[in-house]
Amino acid sequence: MVLAVDDEPNGLDELVHCLRNSPHVAKVFPAIDASEALRLLSTDDPRLRERKDRGLPIVDAVFADIDMPGLSGMEMSRVFAALRPSPALVFVTGHAEEAVNAFDLGALDYVLKPYQQDRLDRAITRVIDKLASAAAPPPGALGGEPVKNDDEVIPVELAGTTKLIPRSSVRWVEAQGDYARLFTTEGSHLVRIPLAQLEERWEKAGFVRIHRSFLVALPLITELRMGQGGYQVVIGNEEKVLPVSRRHTRALKDRLVGSGRNG
């Protein structure tokens with residue numbers, strides 16, 4: 001079950017149409033503004049009441065426009081994000097520059113207008129993946145074949161445009177104050193998020209802290225060696241060498257040994 005929110009009637013109709021076209025969406029609740037959307041929290045709809053009784057989010061996902069009169073999509077989504085359990089948040093908007101704020105709020109995805117069916121289908125797939133990673137999707141909800149990898153996308157600003165970087169392309173991350181620089185095979189990208197927050201969010205995806213300034217994709221470490229001043233790791237075939245601090249050495253060795261046994 002998903003909630004679709006857009007203050008433009010034509011936009012709402014298009015969003016609902018695309019969501020209903022997905023074989024994984026059982027039910028779409030349309031709302032013309034944030035106030036109508038929040039009324040779901042006090043609805044007597046038996047399907048939603050049953051979800052509450054079972055300890056499930058009131059809906060699996062909220063697809064919300066950002067710019068709306070009165071209560072904005074961001075403000076409305078903060079209410080849904082504060083629920084426990086909370087639905088997945090997917091923002092839909094015509095303004096790419098708002099992607100960074102959406103990411104800060106914990107959005108699972110960010111879809112630009114005009115809507116494209118294949119792009120919304122990818123967002124739905126990410127919602128299914130999130131459900132599958134927490135628990136099996138509830139009957140009658142999004143359901144469908146679970147996707148094995150929850151490949152979070154990170155919006156980054158590049159020369160006035162927003163580019164979506166898949167987490168799977170990130171090789172290591174370097175702290176730069178309250179920001180973090182993502183290093184991929186294509187280059188580097190600065191994002192407005194602390195390294196500690198990425199460490200917590202990406203731990204289950206195989207990223208490990210090796211230094212106060214570095215977070216690394218564990219499967220890409222090809223060598224752990226002693227260098228001047230302490231241990232170092234080598235990343236992939238590019239022979240990138242990064243330092244390992246003393247406080248992280250033991251945990252890193254344990255992770256590498258465990259990874260080798262699992263492999």
Side-chain angles (χ1 to χ4, degrees), residues 1-41 43-51 56-77 79-81 83 86-99 101-103 105-132 137-147 150-153 155 162 164 166:
M1 292 185 181
V2 300
L3 170 64
V5 192
D6 194 330
D7 66 297
E8 298 178 356
N10 291 338
L12 180 59
D13 289 344
E14 185 179 1
L15 176 59
V16 170
H17 174 74
C18 288
L19 290 171
R20 286 176 175 165
N21 273 347
S22 170
H24 303 294
V25 176
K27 174 68 177 176
V28 180
F29 293 91
I32 197 63
D33 58 25
S35 297
E36 184 177 351
L38 291 175
R39 291 192 189 103
L40 277 178
L41 299 178
T43 184
D44 289 328
D45 187 304
R47 293 164 297 184
L48 300 183
R49 188 168 60 246
E50 180 187 1
R51 291 178 64 89
L56 300 173
I58 189 168
V59 290
D60 293 297
V62 178
F63 288 75
D65 192 8
I66 291 180
D67 291 323
M68 295 187 291
L71 199 65
S72 72
M74 286 286 187
E75 293 167 331
M76 177 203 71
S77 295
V79 177
F80 282 104
L83 298 176
S86 61
L89 299 177
V90 178
F91 286 109
V92 291
T93 182
H95 304 285
E97 65 273 10
E98 294 173 321
N101 291 330
F103 179 62
L105 191 56
L108 187 64
D109 206 346
Y110 186 93
V111 181
L112 291 176
K113 297 180 181 180
Y115 304 117
Q116 301 293 328
Q117 185 68 53
D118 61 341
R119 182 64 186 88
L120 275 170
D121 286 344
R122 291 202 302 273
I124 292 169
T125 296
R126 291 191 176 104
V127 174
I128 294 172
D129 189 23
K130 180 180 179 181
L131 292 175
L142 284 170
E145 291 294 326
V147 181
D150 180 10
D151 194 10
E152 180 182 327
V153 289
T162 300
L164 299 178

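Heavy-atom basis, side chains included; hydrogens, waters and symmetry copies ignored.
- Summarising the geometry, atom CD1 belonging to I32 is positioned 5.0 Å from atom CG belonging to L12; distances are rounded to the nearest 0.5 Å.
- With rounding to the nearest 0.5 angstrom, the CG atom of D65 is 11.5 Å from the CG atom of D33.
- The two atoms that bring F29 and M1 nearest to each other are CE1-SD, 3.9 Å, heavy atoms only.
- For residues 5-15, the salt bridge (Lys or Arg N to Asp or Glu O under 4.0 Å) pairs, not counting sequence neighbours, are D6-K113.
- Side-chain atoms of L108 and L89, non-hydrogen and from C-beta on, never get closer than 4.5 Å to each other.
- With sequence neighbours excluded, no residue forms a salt bridge (charged side-chain N to carboxylate O under 4.0 Å, His left out) with R122.
- Side-chain contact check for M68 versus V5: some heavy-atom pair is nearer than 4.5 Å.
- Across L3 and L40, no two heavy atoms sit closer than the pair CD1-CD1, 3.6 Å.
- A 4.5 Å side-chain heavy-atom check between F63 and L19 finds at least one atom pair inside the cut-off.
- With sequence neighbours excluded, the residues satisfying salt bridge (charged side-chain N to carboxylate O under 4.0 Å, His left out) with R47 are D45.
- Contact between V127 and D60 at its shortest, heavy atoms only, is CG1-O, 4.2 Å.
- Contact between P87 and V62 at its shortest, heavy atoms only, is CG-CG2, 3.8 Å.
- Qualifying side chain to side chain donor-acceptor pair (under 3.5 Å) partners for R39, counting only residues two or more places apart in sequence or in other chains: none.
- The side-chain heavy atoms of R119 and D109, taken from C-beta on, include a pair separated by under 4.5 Å.
- Pairing each heavy atom of A123 with each of V90, the nearest pair is CB-CG1, 4.2 Å.
- Not counting sequence neighbours, the partners of L38 by the side chain to side chain contact (heavy atoms under 4.5 Å, CB included) test are L41, L71, M76, V79, F80.
- Minimum heavy-atom separation, V59 to R51: C-NH2, 3.7 Å.
- Residues F91 and V111 have side chains not in contact (no heavy-atom distance under 4.5 Å, counting atoms from C-beta outward).
- A distance of 10.0 Å separates CG of L15 from CZ of R20, quoted to the nearest 0.5 Å.
- Among residues two or more places apart in sequence or in another chain, the side chain to side chain contact (heavy atoms under 4.5 Å, CB included) test is passed with E50 by R54.
- The CG atom of D118 sits 9.5 Å away from atom SG of C18, with the distance rounded to the nearest 0.5 Å.
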